[in-house]
Amino acid sequence: MGPWAFLSEEVWRTMNRQDQFLTWFYEKQDEIGSPASLSDLYEKFREDHNYEGSKPAFSKIVRKLESKDERNLLDKPERGHYEINERGENVAETLLNPDEQEVSKPEGYKDIRSDIKNYLSLEGREKVSQALLDDGVYELSLSELESIRFEILDWAEENTDEFIDLLDEIEKDLSDNLPGLTLELDVDVDYYEKTISEARDNRNIGEFVTIEAMVEGEKDSYTKVVSAEFECSKCGDLYEKEQDGDKLKSPYKCQCGSRKFDLVDRNFQDVKEITLSTQTVENKPLEAFIKKENISEDTKQAFTPGRKVRVSGVIRGVPRQNDQTELDPVLDVMSFKRLDRKDQMQEVSQEDIEEVKEKVKVWNNSPDTYAFKEFALGLAPHIVDAQTLKEVMGASLIGGVENESRGDDDRIHSLIVANPGLAKSDLQEYIQETFSNTYYADNNSTGVGLTATVENLDNGGYEIRAGKLVYADQGVLSVDEMDKIGSEQLGRLNTAMERGKFPIDKASQNVELNGRATIIATGNFTEKLDFETGQYEELHSYLPEMVQGFKDRFSLIYGIRQQNLSEIANEMIQGYQETGGSERDEGMDKQTQVIYRGLAKEKEPVLTEDAGNLINKFIKGNLADAEANNIKAEVKSESPRMIRNLIQLTLMFAKSRLDDKAQKIDAQRAIELFTKCRCSMDFREGEPITVEQIQGLDSSESSDNTDSVQVKKGVMELVREKVGDSQKDEQEVIESLDADEEKIEEALKSLKSEGEFFEPEPGKVAKV
């Protein structure tokens, strides 16, 4: 083996293959003779350095050194023969003399290249080996380069294109000795982070940038020829010519005078065009290009519409077709990372989390409210007298529990229907402004705005454009005025609510996009209803026709029956008077809501036997009630989906208590909210079931139901007022109440099973 032995330290301390040949030819020209034939050069170089490349590959190296468009370091005085010119001798001497500057390169170029190569051969060698074992990609970050030598970043900023050339040379060294290894630059330094608006500024052309954005659109990947190698039909000389059009262009004329060439080889590059956006009105999207010898499937998946990515690269200026004097900025992507959804909880201190947990305990032990009610009440607090509406939306915000083995997801979809002007949109906007990963779509959302579409391009390809549903994947999508959205978009939305994905089948393309969003939808009745006179029958029949097919998809459908405006006015005026004109101070504040929701969503409670039994009893009783009242079959509570919805609601209420088990109290609250919604739309006749009535389902003597409730309330009051935060003897509790002893014992047992009380030691009781 010669001085460039495989993986020897010298390999990393020397130059790329072109410079290896140039310095070798410079030192050997007297021995070989100059000018020397290509064949002699090939045989001698292969003999001296065990060169295993083919003659055409070797010819490429020589041609690039000779080419006036490339390095122009060799002359060709006669056909098939080469000699080093004066410029080439200067470069060779500089390469052999470490104290000399490299010709035609900015100051520092050679030293920086040497430092990076030394780093990769020594400190970074283990990482290089690991990259070969993994995916063959070595990600060289700018912060890593800064650790090598802090001046590198300043130099790279001033010499962007030369820096990219430098990395290309290093990559060629790597690929020569380590086939399959690719060097990628990760522009990971915050200094280069830009918004899309900043990146689109033409003053940033030629600059490194890093952008966090959504993939709004993608075009079909294509392969282009970037260069082709030709052989002169007369003398056999090889030429490589860059290609930039649809048709191959051969060299104009050979040195021998011939203008006839045969195609020998082509060099390909995969290209993928994408559109990056932040989905805000003020920002125009930014076109970006990914160019690689081979674009992997992982890369294609990373740039599926709706993905959030961190993209690094260089802004280039592309002349406009209609005005070549003006440039449009595009991003030449050098590296990227897929980003997980931002979690607001990552920015919250542990102290704040513990404070919210303590508040939840206080609310859950209060006789008048509990944490979920406070959470719901705090949603858009300026909207008054809308507790049930807010609880419906709050249930969707927290969600149930996902279980892949059962095919369940944690999405609790909700639909609110009302007459116009009842603040539905205000609540949706509050949700979007307060919580992360929440999106808003109204009736102006086209196929692009709501779901996605495929656009045909002039070149015969296509571009997929993602809509809000894709952006909201694994988040929340508020759909306003759902009754006014077109049937095609609603059809895709329906599929996504069921499966978590939806198909796009257009332009001979069949693509399936993710849409695992929780839907909070609002809409208006088919006509404005007069609730004071009650001149209507079965409110659910006034659901818009487009929404009728969604009845099975929503866990909760709530119909708002217009309230007495004078009562609402009095309450609003009083609230503003008490707070000096600001929003009413009710429920959780925004920060507490964010933390509370984050804590609740992390919980994955299991359903206890008591909670399951209560749901089962309710289902059976509800079926009997439907049949007894001759309620139409379409609204009978016999759907397995309805049972699943009740279970998910029960789990949601357990999460809202920050508990790992769904107790009977959670089933009671789930049934109560569920029946409120069913009765609001006349799906169920009569008044909504109350918690007290639900508790009666579990009593052997229904006549004792009221007493049982009073006993429980008495025990709660006694423990809260007399015991406080200490524990209490159970017998003392029993003796202090003027009620049947068996009923008191049963109440205590029930309260412990519901998780409101516990037994710190035998015979003692305390609040949780």
Side-chain angles (χ1 to χ4, degrees), residues 3-4 9-27 61 64-74 84-124 128 138-177 181-189 191-192 205-209 242 312-316 332 334-335:
W4 294 281
E9 185 176 329
E10 188 65 24
V11 169
W12 301 98
R13 292 185 178 277
T14 55
M15 60 293 294
N16 63 32
R17 188 67 79 185
Q18 291 178 35
D19 290 339
Q20 290 173 5
F21 170 74
L22 180 68
T23 53
W24 172 83
F25 190 14
Y26 175 75
E27 291 185 315
I61 296 172
K64 286 186 176 181
L65 289 169
E66 184 268 337
S67 171
K68 302 297 184 290
D69 296 329
E70 295 279 348
R71 302 188 65 181
N72 192 22
L73 303 180
L74 301 181
I84 299 179
N85 58 28
E86 182 178 354
R87 175 182 165 83
E89 288 182 348
N90 291 334
V91 172
E93 288 175 359
T94 301
L95 290 170
L96 292 168
N97 186 349
D99 296 326
E100 294 291 333
Q101 297 291 329
E102 185 167 352
V103 177
S104 73
K105 294 293 185 184
E107 183 178 355
Y109 183 97
K110 182 174 178 294
D111 291 338
I112 289 174
R113 185 180 65 182
S114 176
D115 286 348
I116 295 174
K117 290 168 70 173
N118 288 342
Y119 171 78
L120 293 173
S121 66
L122 299 173
E123 293 94 331
V128 169
Y138 185 102
E139 288 191 356
L140 183 64
S141 67
L142 286 184
S143 55
E144 191 176 1
L145 291 175
E146 190 176 36
S147 69
I148 299 172
R149 184 146 60 94
F150 70 89
E151 300 100 324
I152 290 180
L153 295 192
D154 291 335
W155 187 92
E157 186 177 0
E158 294 175 2
N159 305 278
T160 301
D161 288 335
E162 289 81 0
F163 181 59
I164 294 172
D165 291 341
L166 180 152
L167 294 175
D168 285 342
E169 289 186 16
I170 295 175
E171 183 174 19
K172 287 173 184 175
D173 288 344
L174 290 173
S175 60
D176 279 345
N177 297 288
L181 186 66
T182 302
L183 185 68
E184 288 190 354
L185 184 66
D186 180 11
V187 189
D188 66 333
V189 182
Y191 178 79
Y192 296 99
I205 289 176
E207 300 292 327
F208 287 119
V209 297
E242 291 186 2
S312 299
V314 178
I315 297 293
R316 306 292 187 190
D332 193 355
M334 300 177 67
S335 63

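Along the sequence shown, residues carry numbers from 1. Because the structure is predicted, anything quoted here is derived from the model rather than measured.
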List the atom of [X], the atom of [Y], and the distance in Å for their closest heavy-atom pair.
| X | Y | value |
| --- | --- | --- |
| Ile61 | Phe21 | CG2-CB, 4.3 Å |
| Arg113 | Ile170 | CG-CG1, 4.0 Å |
| Phe208 | Ala156 | CE1-O, 3.8 Å |
| Leu65 | Gln18 | CD1-O, 3.7 Å |

Side chain to side chain donor-acceptor pair (under 3.5 Å) with [X]: which residues, sequence neighbours excluded?
| X | value |
| --- | --- |
| Glu162 | none |
| Thr160 | none |
| Asn85 | Asp75 |
| Asp115 | Arg149 |

Start with the C-alpha gap between Leu74 and Phe25, add the side-chain angles, then the distance that decides, and say whether side-chain contact (heavy atoms from CB on, under 4.5 Å) holds. CA-CA 10 Å; Leu74 301 181; Phe25 190 14; 4.2 Å; yes
Discussion item. side-chain contact (heavy atoms from CB on, under 4.5 Å), that's the test. Do Leu145 and Leu140 meet it? Break it down for me.
Written reply: CA-CA 7 Å; Leu145 291 175; Leu140 183 64; 3.6 Å; yes
side-chain contact (heavy atoms from CB on, under 4.5 Å) test vs Ser114 passes for just one of Asn118, Asp111, Ile116, namely Asn118
Practice task
Spell out, as yes or no, whether a donor-acceptor pair under 3.5 Å connects the side chain of Trp155 to the backbone of Phe163.
Solution key: no
**Stepwise side-chain contact (heavy atoms from CB on, under 4.5 Å) test for Val314 and Ile205** = CA-CA 8 Å; Val314 178; Ile205 289 176; over 6 Å; no
With sequence neighbours left out, the residues meeting side-chain contact (heavy atoms from CB on, under 4.5 Å) with Glu123 are Tyr119
Sorted by chain and residue number, the side-chain contact (heavy atoms from CB on, under 4.5 Å) partners of Glu158 (sequence neighbours excluded) come out as none
Next on the checklist: So Ile112 and Leu166, do their side chains get closer than 4.5 Å, heavy atoms only?
Outcome noted: yes
Asp165 vs Tyr109 side-chain heavy atoms within contact, under 4.5 Å: yes
| message | Would Ile164 and Met334 count as a side-chain contact (heavy atoms from CB on, under 4.5 Å) here? Give the steps. | response | CA-CA 10 Å; Ile164 294 172; Met334 300 177 67; 4.2 Å; yes
